[in-house]
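Please read the structure below before turning to the comments.
Here, residue 1 is the first one in the sequence, and each next residue gets the next number. Heavy-atom basis, side chains included; hydrogens, waters and symmetry copies ignored. Whatever order the structure lists them in is the order used to number ligands and atoms, beginning at 1. Everything quoted here is computed from the prediction, not taken from an experiment.
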Amino acid sequence: MIDVLIIGAGPAGLSAAIYAERAGKHAVCLEALTVGGQIVNTPEIENYPGIKKTSGFEFSMALFEQATELGAEIIYEKAARIEEKPGSDVDKSTYVVTTQSGKEFECRSVILATGAKNRHLGLAREEELLGKGISYCATCDGAFFKGKDVAVNGGGNTALEDALFLSNYCSKVYIIHRRDQFRGEPKNLEALKGKDNIEYILDSTVTELIGDDRLEKVAVKNKNTGDIKEIPVSGLFIAIGQEPDNKPFASVVELDEKGYIKANESCKTQMSGVFVAGDCRTKAVRQLTTAASDGAVAALAACEYIG
Ligand code: NAP
């Protein structure tokens with residue numbers, strides 16, 4: 001019987017594992033993809049208090065080592081559902097988490113730390129051209145586009161940082177954004193001003209992905225004029241934010257209209273014994289620091305619940 005089963009081994013999940021292990025409970029993280037979650041692809045982290053500068057990869061590896069050296073286990077399985085096994089008058093409920101491959105894990109508490117996944121544009125051929133010009137990760141794929149013209153779609157920090165990163169390799173980087181104001185920090189916009197190979201295409205959305213076997217052009221529509229123009233690019237980096245992936249757990253926890261798990265700063269869901277941490281819950285600020293903070297809060301709540 002596992003004390004604390006954590007679904008997701010990103011910053012929230014691994015922080016929860018560290019706190020659970022230090023509280024004397026055994027923590028197991030189920031991870032579908034990569035330890036570290038989305039932060040693993042961030043080239044530079046400069047806003048985690050106490051660490052002036054590190055990379056997402058280094059940060060993730062340090063978290064992983066810290067959690068596993070304390071005794072936490074990481075199992076690479078995708079959780080598919082949670083079922084409550086109701087307890088008796090004296091015993092609390094336990095939970096069975098079943099993975100996509102059919103494995104079952106019985107535990108005394110669950111922490112959902114599933115994070116969020118990259119939002120897709122929802123355009124025809126977006127999936128087909130993935131890896132053939134379409135990418136959601138400039139850090140991972142940018143080097144394939146050395147000397148080529150590319151576009152980044154989005155106006156948040158990810159899009160601005162991707163554009164800055166790509167401008168070091170690519171001949172030209174178009175930033176396509178649906179408004180004329182950016183959500184990303186002024187510091188990132190300032191850094192882009194020093195680049196002479198950036199071109200902004202504002203108030204515009206990508207409407208079509210064009211090419212035979214690979215992406216060759218994107219069609220872009222200006223929302224003010226209605227004009228559509230085709231821009232020749234070898235790559236389109238889609239950086240339009242994230243969305244949660246909590247549907248498998250909707251039978252045990254309540255989701256809001258956007259699919260985030262309803263919970264407040266206590267990280268408690270409406271089901272006792274099931275907690276939530278990080279980007280997958282309803283919250284105003286989704287940052288590395290708030291993910292780590294949630295991990296601590298959820299783990300200590302789970303340990304208190306177990307008793
Ligand atoms: P984000 O801040 O949510 O920005 C998403 C951007 O995509 C917005 O500009 C949004 O436009 C646009 N967008 C959303 N849906 C779209 C659609 N369907 N079509 C076209 N455009 C669309 O996402 P993010 O940049 O990935 O950042 C996520 C979080 O991580 C943020 O809190 C961010 O600050 C943080 N982050 C921090 C750092 C750092 O501190 N170094 C680095 C990366 C990310 P609108 O602006 O019009 O809504």
Side-chain angles (χ1 to χ4, degrees), residues 10-12 36-60 114-127 134-142 151-167 173-192 198 200-209 218-224 228 231 236-245 256-260 278-294:
Q38 296 197 53
I39 199 73
V40 88
N41 297 321
T42 299
E44 274 179 9
I45 298 170
E46 290 182 346
N47 56 4
Y48 196 86
I51 300 175
K52 271 203 214 160
K53 195 185 259 192
T54 185
S55 71
F57 181 77
E58 266 174 4
F59 185 82
S60 303
T114 52
K117 60 179 183 164
N118 292 319
R119 182 176 288 129
H120 289 200
L121 283 167
L123 291 175
R125 307 195 63 205
E126 191 171 344
E127 312 298 323
I134 297 292
S135 171
Y136 299 89
C137 178
T139 330
C140 321
D141 302 329
V152 174
N153 189 194
N157 276 325
T158 305
L160 299 182
E161 288 185 3
D162 282 0
L164 194 60
F165 178 75
L166 291 164
S167 68
V173 181
Y174 297 94
I175 300 178
I176 304 165
H177 178 37
R178 66 183 178 183
R179 293 189 295 141
D180 64 353
Q181 298 290 314
F182 287 91
R183 196 174 283 276
E185 291 167 14
K187 178 179 164 282
N188 282 330
L189 281 167
E190 205 52 45
L192 286 167
I198 300 270
Y200 293 91
I201 302 180
L202 301 179
D203 288 326
S204 299
T205 49
V206 178
T207 53
E208 196 184 346
L209 307 172
V218 290
V220 173
K221 183 176 182 179
N222 183 293
K223 72 172 182 189
N224 302 323
I228 296 180
I231 305 169
L236 173 66
F237 290 85
I238 300 169
I240 58 166
Q242 287 83 37
E243 53 194 7
D245 190 10
D256 73 2
E257 67 288 350
K258 289 185 177 158
Y260 292 100
D279 285 5
C280 64
R281 81 164 171 93
T282 50
K283 55 158 68 179
V285 181
R286 292 193 173 83
Q287 291 283 304
L288 198 48
T289 43
T290 59
S293 153
D294 276 6

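Proximity of Val173 to Val152: side-chain heavy atoms (C-beta onward) are separated by under 4.5 Å at one or more points. Looking at heavy atoms from C-beta onward, Ile176 lies in side-chain contact with Val218 at the 4.5 angstrom threshold. Looking only at side-chain heavy atoms (C-beta outward), Ile51 and Ile45 stay at 4.5 Å or farther from each other. The side-chain heavy atoms of Lys223 and Thr205, taken from C-beta on, include no pair separated by under 4.5 Å. Looking at heavy atoms from C-beta onward, Phe182 lies out of side-chain contact with Asn188 at the 4.5 angstrom threshold.
Within ligand 1, the atoms closer than 4.0 Å to a non-hydrogen atom of Arg286 are 32 (O), numbered from 1 in the order shown. Near Gln287, meaning under 4.0 Å from one of its heavy atoms, ligand 1 places the atoms 32 (O), 33 (C), 34 (O), 35 (C). Of all the atoms in ligand 1, the ones that sit under 4.0 Å from a non-hydrogen atom of Arg119 are 14 (C), 15 (N). Close approach to Arg179 involves these atoms of ligand 1, each under 4.0 Å from a residue heavy atom: 45 (P), 46 (O), 47 (O). Close approach to Asn47 involves these atoms of ligand 1, each under 4.0 Å from a residue heavy atom: 39 (C), 40 (O). Interface of Gln242 with ligand 1, defined as ligand atoms under 4.0 Å from a residue heavy atom, comprises 26 (O), 28 (C).
Here CG of Leu288 is found 11.5 Å from CD of Gln38. Values are rounded to the nearest 0.5 Å. With rounding to the nearest 0.5 Å, the separation of CD1 in Ile198 from CD1 in Ile175 is 4.5 Å. For the atom pair CG of Leu166 and CZ of Phe237, the computed distance is 5.0 Å after rounding to the nearest 0.5 Å.
Compare Glu46, Glu161, Gln38 by their heavy atoms: the one nearest to atom 41 (N) of ligand 1 is in Glu161.
Gly155 N, 3.0 Å is the protein heavy atom nearest to atom 9 (O) of ligand 1. Atom 34 (O) of ligand 1 has its closest protein heavy atom at Asn157 ND2, 2.9 Å. Nearest protein heavy-atom contact of atom 21 (N) of ligand 1 is Ile240 CG2, 3.5 Å. Arg183 NE, 3.7 Å is the protein heavy atom nearest to atom 8 (C) of ligand 1. Atom 11 (O) of ligand 1 has Arg178 NE, 3.1 Å as its closest protein atom, hydrogens excluded (heavy atom only). The protein heavy atom nearest to atom 24 (P) of ligand 1 is Thr158 OG1, 3.2 Å. Protein heavy atom nearest atom 3 (O) of ligand 1, with residue, atom name and distance: Gly241 CA, 4.1 Å.
Partner of Tyr136 under the side chain to side chain contact (heavy atoms under 4.5 Å, CB included) criterion, chosen from Arg119, His120, Gln242: His120.
Under a 4.0 Å heavy-atom criterion, Gln181 is not in contact with ligand 1.
Between Ala159 and ligand 1, not a single N/O pair is under 3.5 Å apart.
Annotation for Phe165: atom CZ counts as buried by contact number, over 12 foreign heavy atoms lying within 6.0 Å.
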